Amino acid sequence: MIAWKIWVLFLGYSVPMVISPGPGNTLLATAGGRHGVAGALSFWIGFEAANLLLCAVYGLGLGRILHGIPALESLLKCAGIAYLLYLAWGFFRSAATSGPAAEAVAQRLRARDGFLSVLLNPKIHSMILVMFAQFLDPGASLLGQALQLTAGFLAVCVVCHFPWIYGGQLVLRRFQSARATRIQGVLFGLCMLLVAGYVAQA
């Protein structure tokens with residue numbers, strides 16, 4: 001069992017990292033604003049499923065192998081930027097249409113999108129890798145610690161990601177007219193472009 005003082009340090013690390021603004025939380029807020037909490041649930045599940053996968057990879061030591069490949073981070077960054085540009089295009093496309101066609105375009109953020117947005121985000125890879133590097137005790141059971149830290153990290157993710165989704169719903173779901181929907185499409189598209197620019201410079 002991981003000691004309580006380690007859990008305190010773990011929370012001191014993970015909560016600020018997970019709740020702080022970034023590409024992932026921007027997408028979560030966008031999903032909440034576009035579809036509400038219930039409509040964003042599929043995206044959110046995919047998002048956390050990818051976090052679970054990364055915890056399994058890095059927590060069980062396979063991350064050391066992946067981290068030893070210098071080109072991997074650059075590859076992830078390029079793929080992530082391309083994916084963000086794809087999402088931006090989808091939002092701009094929805095802004096250019098109206099009625100049922102716009103709604104069909106707006107239904108892009110699904111579980112697959114949440115999964116890919118985490119998997120292609122180098123910041124999340126680094127955050128989880130550092131988490132396990134800092135809090136795993138090499139003298140204790142690797143599997144037991146990895147399971148506990150993974151459960152703790154997922155709990156932090158759920159608690160810290162919900163305010164972003166709900167905040168997006170609270171602010172943006174008030175504006176439902178065709179004009180407001182077009183404006184949201186443009187704003188969301190611009191957000192994706194800004195996030196892509198941030199990732200490119202990071």
Side-chain angles (χ1 to χ4, degrees), residues 1-32 37 40-81 83-84 87 109-166 195 198-199 202:
M1 182 70 178
I2 296 175
W4 281 108
K5 66 178 183 179
I6 300 300
W7 281 118
V8 171
L9 294 171
F10 168 81
L11 290 173
Y13 168 80
S14 60
V15 170
M17 292 295 287
V18 173
I19 204 168
S20 60
N25 286 334
T26 301
L27 284 171
L28 289 167
T30 298
V37 173
L41 191 58
S42 176
F43 178 81
W44 190 14
I45 289 170
F47 198 92
E48 304 305 0
N51 279 323
L52 179 61
L53 174 65
L54 292 182
C55 283
V57 168
Y58 291 116
L60 297 176
L62 298 177
R64 291 191 190 105
I65 298 170
L66 296 175
H67 199 63
I69 305 170
L72 181 64
E73 187 171 352
S74 297
L75 181 64
L76 283 172
K77 182 184 280 192
C78 290
I81 291 168
Y83 188 66
L84 287 166
L87 291 175
L109 297 178
R110 301 295 191 190
R112 168 196 56 134
D113 299 305
F115 191 84
L116 286 174
S117 68
V118 169
L119 217 56
L120 299 175
N121 187 336
K123 177 191 169 188
I124 297 177
H125 282 263
S126 299
M127 175 177 64
I128 293 175
L129 177 64
V130 168
M131 177 183 78
F132 282 107
Q134 291 296 314
F135 300 110
L136 280 179
D137 179 0
S141 164
L142 176 66
L143 180 59
Q145 291 180 89
L147 290 174
Q148 290 176 67
L149 289 173
T150 296
F153 183 70
L154 286 177
V156 167
C157 285
V158 169
V159 170
C160 292
H161 289 152
F162 177 76
W164 283 93
I165 297 170
Y166 184 71
V195 170
Y198 170 80
V199 171

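Keep in mind that this is a model prediction, so the values were computed, not measured.
Separating the CG atom in L149 from the CD1 atom in I2 is a distance of 3.5 Å, to the nearest 0.5 Å. One distance of note links OG of S117 with CD1 of I124; it measures 6.5 Å at 0.5 Å rounding. Atom-to-atom distance recorded for H161:NE2 and F47:CZ is 4.5 Å, nearest 0.5 angstrom. Here the straight-line distance linking atom CG of L53 with atom CG of L119 works out to 6.0 Å at 0.5 Å rounding.
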* Check against side-chain contact (heavy atoms from CB on, under 4.5 Å), V37 and F162 -> CA-CA 8 Å; V37 173; F162 177 76; 4.0 Å; yes
* **Full working for side-chain contact (heavy atoms from CB on, under 4.5 Å) between M131 and F153** => CA-CA 9 Å; M131 177 183 78; F153 183 70; 3.5 Å; yes
* **Pair H125-V57, side-chain contact (heavy atoms from CB on, under 4.5 Å): steps then yes or no** => CA-CA 10 Å; H125 282 263; V57 168; over 6 Å; no
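Counting non-hydrogen atoms of neighbouring residues, nucleotides and ligands closer than 6.0 angstrom, the OH atom of Y166 reaches no more than 12 such neighbours.
Between F10 and W7, the ring-plane angle classifies as perpendicular under the 30° and 60° cut-offs.
Inter-residue side-chain proximity for Q148 and F135 is flagged as unmet; no heavy-atom pair is nearer than 4.5 Å. Side-chain contact between L60 and F132 is absent, with no heavy-atom pair separated by less than 4.5 Å.
Judged by distance alone, with hydrogens and angles left aside, the side-chain atoms of N25 form a donor-acceptor pair with the main-chain N or O of S20 at under 3.5 Å. Here the side chain of W164 pairs no donor or acceptor atom with the backbone of T26 at under 3.5 angstrom.
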